[in-house]
Amino acid sequence: QVQLVESGGGLVQAGGSLRLTCEWSGNFFRGNTMGWYRQAPGKQRDLIATITSGGTTNYSDAVKGRFTISRDNAKNTVSLQMNSLKPEDTAVYYCNGNFMLRAGGNWYNYWGQGTQVTVSS
């Protein structure tokens, strides 16, 4: 099994910055694409950023130019640097990743528990 633990959420004023980090651990053979999702109250969970094991990134239009995703494979972490935050960025942010538990096995998808980000106006 694989565990993903997010940290770094909190309360920030509009225009401010936060950095989220997700650390993964457990028994697995290899990881693949990691992503950050967010879910605002009463809304669906949306994908906002992804990064492949090779470092290729992709962003949703809502965060492009303001958020930066990065990963450190040696430390088993993926981070989300969030700048120029807006009240509409308020949500629970979730880390997500795909892992192969044994060589030649299937890929499995895992979620973190989520971390709250609140942006005040």
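All residue numbers refer to positions in the sequence shown, counting from 1.
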Evaluate Asn73 against Arg71 for side-chain hydrogen bond (donor to acceptor under 3.5 Å, both in side chains), listing each step before the verdict. CA-CA 6 Å; Asn73 292 325; Arg71 70 189 287 167; 2.7 Å; yes

Stepwise side chain to side chain contact (heavy atoms under 4.5 Å, CB included) test for Thr56 and Thr50: CA-CA 8 Å; Thr56 300; Thr50 61; over 6 Å; no

Are Leu85 and Gln13 close enough, and set up right, to give a side chain to side chain contact (heavy atoms under 4.5 Å, CB included), and what steps lead you there? CA-CA 8 Å; Leu85 283 161; Gln13 288 188 335; over 6 Å; no

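Using a distance-only test at 3.5 Å, with no hydrogens or angles considered, a donor-acceptor pair links the side chain of Tyr59 to the main chain of Ile69. Proximity of a side-chain donor or acceptor of Thr90 to a complementary backbone N or O of Val119 within less than 3.5 Å is detected. Judged by distance alone, with hydrogens and angles left aside, the side-chain atoms of Glu6 form a donor-acceptor pair with the main-chain N or O of Gly114 at under 3.5 Å. Between the side chain of Arg45 and the main chain of Gln39, no donor-acceptor pair closer than 3.5 Å is present.
Summarising the geometry, atom OG1 belonging to Thr33 is positioned 10.0 Å from atom CG belonging to Asn96; distances are rounded to the nearest 0.5 Å. In this structure, CH2 in Trp24 is found 7.5 Å from SG in Cys95, a value given to the nearest 0.5 Å. Of the inter-residue distances, the one linking Thr118 atom OG1 with Leu18 atom CG reads 9.5 Å to the nearest 0.5 angstrom. To the nearest 0.5 Å, the span separating CE on Met82 from CG on Leu20 amounts to 3.5 Å. The distance from atom OG of Ser70 to atom CE of Met34, rounded to the nearest 0.5 Å, is 11.5 Å. Taken to the nearest 0.5 Å, the CD atom of Glu23 stands 10.0 Å off from the CG atom of Asp72.
Considering all non-hydrogen atoms of both residues, Ser53 and Gly31 come closest at CB-O, 4.4 Å. In terms of heavy-atom proximity, Ser79 sits nearest to Thr21 at OG-OG1, 3.4 Å. Smallest separation of non-hydrogen atoms from Ser121 and Ala14: CA-CB, 4.4 Å.
In this structure the side chain of Ile48 reaches within 4.5 angstrom of the side chain of Leu80, judged on heavy atoms. Between Val2 and Leu101, some side-chain heavy-atom pair lies under the 4.5 Å cut-off. Val78 is listed as a side-chain neighbour of Trp36, based on a closest heavy-atom distance under 4.5 Å.
With no hydrogens or angles considered, a side-chain donor-acceptor pair links Ser17 and Asn83 at under 3.5 Å. Remark: the Arg38 side chain and the Tyr93 side chain contain an N/O donor-acceptor pair separated by less than 3.5 Å.
Close placement of the Tyr37 and Trp111 rings is indicated, their centers lying within 6.0 Å of each other.
Remark: of the listed residues Tyr110, Tyr108, Phe99, Trp107, Phe99 is the sole one forming a ring pair (Phe, Tyr, Trp, His ring centres under 6.0 Å) with Phe28.
Among residues two or more places apart in sequence or in another chain, the salt bridge (Lys or Arg N to Asp or Glu O under 4.0 Å) test is passed with Lys64 by Asp61.
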